[in-house]
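The residues of the chain are indexed from 1 along the displayed sequence. Side chains are part of it too, since the values below use all heavy atoms of this structure and drop only hydrogens, waters and symmetry mates.
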Amino acid sequence: TDRELKILQLTDTQIIDAAQTRPGRPGVSYTLWGTDKMDERCFNYVRETIEATNPDLILLTGDNVYGEFDDNGTALLGFIELMESFQIPWSPIFGNHDNESAMGVAWQCAQFEAAEHCLFKRNTLEGNGNYTVGIAQGGNLTRVFFMMDSNGCASPSRQSSNDGQVKLTPGFGEKQIAWFEEIGEKLCEIIVKKLFTVSNGLNSIGKAALKSNCEKEKRNKTVTLKKT
């Protein structure tokens, strides 16, 4: 279609299931965050927003679940089931709380990748995610989104830490920057602008990389990648 597409960004849903509260964890309201409150406290808002906007693509920019309160993974599975119900392509990245779950990031990534309408793809870089999503119109790529994990999880679960891809300090890692530059080089001839979607913002290295690649772009045209 040649019509103007609609892209919806949702962030920090931070789903809490108080029933999964770890022993000794203070300050958790079972009245507000009980398992039976997920629809009322979160899912209904997501549902209303998506139905009201009817987007073509949904970007989820981190902290989808509050991992500390999802050690058995049911909150994430419920969230994925909700997102899949709309049958709209959706594209998540990790925030600094997702990988606190005892299920571990490898399991979480696998759930995203297995979902039919989810565009998530894990990459062998720092963090989780790091992939591109594109929109094509009239046979031409029209926009590119770099879905990059900007890291910074101070309290990953043991399972996530053992995975080896969790970066504790915030900001992009060297492998991420190198990957961005490699993809950017391939797109230089047809891109003028790269749109970043990150959970914690660009660090100085990321900004430098973005500036460096944008200076190389020649044409007044914005392009998008398909999922790679």
Side-chain angles (χ1 to χ4, degrees), residues 10-28 33-35 38 41-43 46 58-85 90-133 146-177 179 197-201 203 227-228:
L10 300 174
T11 192
D12 289 82
T13 48
Q14 298 208 26
I15 302 165
I16 293 175
D17 181 2
Q20 300 186 56
T21 302
R22 295 171 183 171
R25 175 66 155 85
V28 180
W33 306 112
T35 307
M38 283 190 188
R41 303 294 296 180
C42 180
F43 291 174
V46 172
I58 304 168
L59 305 179
L60 296 159
T61 50
D63 284 349
N64 307 290
V65 297
Y66 204 133
E68 176 187 348
F69 300 95
D70 191 32
D71 280 339
N72 64 23
T74 54
L76 179 63
L77 292 177
F79 184 64
I80 290 174
E81 181 179 1
L82 172 69
M83 296 306 301
E84 284 290 288
S85 71
W90 57 287
S91 179
I93 55 174
F94 276 61
N96 64 317
H97 286 299
D98 295 279
N99 46 26
E100 294 172 354
S101 171
M103 295 302 293
V105 291
W107 180 86
Q108 291 174 311
C109 290
Q111 306 318 302
F112 284 139
E113 291 183 325
E116 179 181 358
H117 302 284
C118 183
L119 304 178
F120 181 91
K121 182 176 180 181
R122 197 180 195 197
N123 210 329
T124 55
L125 307 170
E126 299 95 343
N128 298 281
N130 303 304
Y131 60 103
T132 57
V133 173
F146 279 74
M147 305 299 291
M148 298 177 69
D149 185 348
S150 56
N151 307 298
C153 180
S155 304
S157 66
R158 176 176 55 83
Q159 292 82 354
S160 291
S161 295
N162 292 342
D163 181 78
Q165 288 190 212
V166 174
K167 183 174 177 288
L168 301 183
T169 55
F172 298 131
E174 292 182 2
K175 291 181 181 179
Q176 289 176 289
I177 296 301
W179 171 79
T197 307
V198 297
S199 58
N200 296 323
N203 63 4
K227 179 182 176 183
T228 59

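Between the side chain of D163 and the backbone N or O of V105, no donor-acceptor pair lies under 3.5 Å.
With rounding to the nearest 0.5 angstrom, the CG atom of L82 is 12.5 Å from the CG atom of L77. Separation of atoms CG (L125) and CE (M148) is listed at 7.5 Å; rounding is to 0.5 Å. Distance check: T35 OG1 to D17 CG gives 3.5 Å after rounding to the nearest 0.5 Å. With rounding to the nearest 0.5 Å, the separation of OG in S91 from NZ in K121 is 12.5 Å. The CD atom of E126 sits 8.5 Å away from the CD1 atom of I177 when rounded to the nearest 0.5 Å.
In this structure R22 satisfies the side-chain contact (heavy atoms from CB on, under 4.5 Å) test together with E68, D71, sequence neighbours excluded. Looking at residues two or more places apart in sequence or on another chain, you find a side-chain hydrogen bond (donor to acceptor under 3.5 Å, both in side chains) between N128 and R122. When the side-chain hydrogen bond (donor to acceptor under 3.5 Å, both in side chains) test is applied to Q176, the partners found at least two apart in sequence or on another chain are N130, N151. In this view, M103 and S101, W107 satisfy the side-chain contact (heavy atoms from CB on, under 4.5 Å) rule, not counting sequence neighbours. For I16, the side-chain contact (heavy atoms from CB on, under 4.5 Å) test picks out W33, Y66, F69, with sequence neighbours left out. Residues that satisfy the side-chain hydrogen bond (donor to acceptor under 3.5 Å, both in side chains) test with E100, not counting sequence neighbours, are H97. A110 pairs by the side-chain contact (heavy atoms from CB on, under 4.5 Å) definition with nothing, not counting sequence neighbours. Residues that satisfy the side-chain hydrogen bond (donor to acceptor under 3.5 Å, both in side chains) test with N162, not counting sequence neighbours, are absent from this structure.
W90 is listed as a side-chain neighbour of E84, based on a closest heavy-atom distance under 4.5 Å. In this structure, the side chains of D149 and I93 stay at 4.5 Å or more apart for every pair of heavy atoms. Here the side chains of D63 and N96 are in contact, with some heavy-atom distance below 4.5 Å. In this structure, N123 and K175 have side chains that are not in contact, with every pair of non-hydrogen atoms separated by 4.5 Å or more. Side-chain contact between L10 and I58: present, with at least one pair of heavy atoms (C-beta onward) separated by less than 4.5 Å. Annotation: side chain of N64 is in contact with side chain of F112 (closest heavy-atom distance under 4.5 Å). A 4.5 Å side-chain heavy-atom check between T13 and F43 finds every atom pair outside the cut-off.
Under the side chain to side chain donor-acceptor pair (under 3.5 Å) rule, S157 has a single partner from S155, S161, S160, which is S160.
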Apply side chain to side chain donor-acceptor pair (under 3.5 Å) to residues Q108 and N99 and explain how you reach the verdict. CA-CA 8 Å; Q108 291 174 311; N99 46 26; over 6 Å; no
(request) Apply side chain to side chain contact (heavy atoms under 4.5 Å, CB included) to D70 and F79, showing your working. (result) CA-CA 11 Å; D70 191 32; F79 184 64; over 6 Å; no
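Checked against a 6.0 Å centroid threshold, the rings of F146 and W179 count as neighbours.
The aromatic rings of F94 and F120 are tilted relative to each other, their planes meeting at an angle between 30° and 60°.
Nearest heavy atom pair, residue A75 against residue V65, reads C-CG1, 4.2 Å. Residues A115 and I80 share a closest heavy-atom pair of CB-CG2, 3.9 Å.
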